[in-house]
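Heavy-atom basis, side chains included; hydrogens, waters and symmetry copies ignored. The chain is numbered in sequence order, starting from 1.
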Amino acid sequence: MDKYQMQRKTKQFAIDVWRFCQKLPHSREYNGIVNQLIRSSTSVPANYRAACRAKSTADFINKLKIVEEEADESQFFLEFILEINENIDLMPELNRQIKEADEILAIVVSSIKSSRER
């Protein structure tokens with residue numbers, strides 16, 4: 001996967017999460033989790049774009065580590081919602097988002113590892 005494909009993939013992830021969050025209940029409890037999820041999921045593509053503009057390998061790795069952290073945080077909040085969600089209709093989409101976060105994490109971790117080996 002080249003950097004442009006990854007930029008599209010991460011941006012689509014953020015858009016999909018944002019749209020998913022619109023379907024969740026509005027309550028004090030959910031709003032706190034949803035706000036965190038939106039922040040972390042939109043941080044993934046923003047920081048990936050920053051990594052693509054890195055000035056050195058070390059800078060690239062450091063920025064990818066931020067992407068890794070934000071993708072992992074997004075996955076945590078999605079898993080948390082999976083545990084508390086009572087709407088069966090949301091389960092397939094929720095599971096798809098968790099899988100997408102996992103795929104992004106795997107790609108980023110692999111990129112970090114490859115960059116360190118160079």
Side-chain angles (χ1 to χ4, degrees):
M1 178 174 296
D2 70 24
K3 74 177 184 178
Y4 301 109
Q5 291 171 314
M6 188 63 172
Q7 284 177 347
R8 284 191 297 276
K9 183 178 187 66
T10 57
K11 185 164 79 171
Q12 191 59 54
F13 171 70
I15 290 167
D16 291 346
V17 167
W18 185 80
R19 288 186 177 138
F20 171 75
C21 287
Q22 290 179 315
K23 298 173 186 175
L24 293 172
H26 295 280
S27 69
R28 183 181 61 193
E29 298 80 12
Y30 262 101
N31 291 346
I33 298 300
V34 166
N35 289 339
Q36 287 292 108
L37 176 55
I38 289 172
R39 278 189 204 100
S40 61
S41 65
T42 56
S43 182
V44 171
N47 281 294
Y48 184 78
R49 286 175 63 116
C52 291
R53 293 187 309 276
K55 299 190 182 351
S56 66
T57 301
D59 189 30
F60 178 72
I61 291 169
N62 286 335
K63 289 177 180 185
L64 275 187
K65 291 296 289 174
I66 295 169
V67 176
E68 179 187 11
E69 290 172 12
E70 296 296 337
D72 185 59
E73 185 174 322
S74 298
Q75 189 174 26
F76 166 77
F77 286 118
L78 288 164
E79 290 169 353
F80 185 86
I81 292 169
L82 181 67
E83 294 290 324
I84 63 170
N85 178 51
E86 295 176 359
N87 185 344
I88 299 296
D89 294 336
L90 294 177
M91 294 303 197
E93 187 175 357
L94 188 50
N95 283 317
R96 186 176 62 78
Q97 293 301 330
I98 291 169
K99 183 177 182 236
E100 185 65 15
D102 194 49
E103 287 176 16
I104 290 170
L105 263 171
I107 293 167
V108 170
V109 168
S110 178
S111 295
I112 291 168
K113 185 178 177 186
S114 296
S115 295
R116 283 185 175 149
E117 290 172 355
R118 284 189 225 146

Do [X] and [Y] have side chains that approach each other closer than 4.5 Å (heavy atoms only, starting at C-beta)?
{"X": "Asn47", "Y": "Thr10", "value": "no"}
{"X": "Asn85", "Y": "Tyr30", "value": "yes"}
{"X": "Gln5", "Y": "Lys9", "value": "no"}
{"X": "Lys23", "Y": "Asp89", "value": "no"}
{"X": "Ser40", "Y": "Phe76", "value": "no"}
{"X": "Gln36", "Y": "Glu73", "value": "yes"}
{"X": "Tyr48", "Y": "Lys11", "value": "no"}

Is there a path of hydrophobic side-chain contacts, each under 4.5 Å between heavy atoms, that joins [X] and [Y]?
{"X": "Phe60", "Y": "Met1", "result": "yes"}
{"X": "Ile66", "Y": "Ile104", "result": "no"}
{"X": "Ile15", "Y": "Val34", "result": "no"}
{"X": "Val17", "Y": "Ile84", "result": "yes"}
{"X": "Phe13", "Y": "Leu105", "result": "no"}

Taking the basic N atoms (NZ, or NE/NH1/NH2) and the acidic carboxylate oxygens, is any pair closer than 4.0 Å for Arg96 and Glu100? no
Which pair of non-hydrogen atoms, one from [X] and one from [Y], has the smallest distance, and what is that distance?
{"X": "Asp16", "Y": "Gln97", "value": "CB-NE2, 3.1 Å"}
{"X": "Ala54", "Y": "Asp59", "value": "CA-OD2, 3.4 Å"}
{"X": "His26", "Y": "Gln22", "value": "NE2-O, 4.4 Å"}
{"X": "Ala71", "Y": "Ala101", "value": "O-CB, 4.3 Å"}

Looking at Glu86, I want to see if its CD is surrounded by more than 12 non-hydrogen atoms of other residues, nucleotides or ligands under 6.0 Å.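 No.
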Does Glu69 have any side-chain contact (heavy atoms from CB on, under 4.5 Å) partners at least two apart in sequence or in another chain, and if so, which?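 Per chain and number, Glu69 pairs via side-chain contact (heavy atoms from CB on, under 4.5 Å) with no residue.
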Approximate separation, where rounding is to 0.5 Å, of [X] [atom1] and [Y] [atom2]:
{"X": "Met91", "Y": "Leu82", "atom1": "CE", "atom2": "CG", "result": "5.0 Å"}
{"X": "Ile33", "Y": "Ile38", "atom1": "CD1", "atom2": "CD1", "result": "12.0 Å"}
{"X": "Leu78", "Y": "Ile98", "atom1": "CG", "atom2": "CD1", "result": "5.5 Å"}
{"X": "Asn87", "Y": "Glu93", "atom1": "CG", "atom2": "CD", "result": "10.5 Å"}
{"X": "Ser115", "Y": "Lys65", "atom1": "OG", "atom2": "NZ", "result": "11.5 Å"}
{"X": "Phe20", "Y": "Ser41", "atom1": "CZ", "atom2": "OG", "result": "11.0 Å"}

Determine yes or no for a side-chain-to-main-chain donor-acceptor pair under 3.5 angstrom, with Ser110 supplying the side chain and Ala106 the backbone.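 The answer is no, because no donor-acceptor pair under 3.5 Å joins these two groups.
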Carefully, step by step, assess Leu64 and Glu68 under the rule side-chain contact (heavy atoms from CB on, under 4.5 Å). CA-CA 6 Å; Leu64 275 187; Glu68 179 187 11; over 6 Å; no
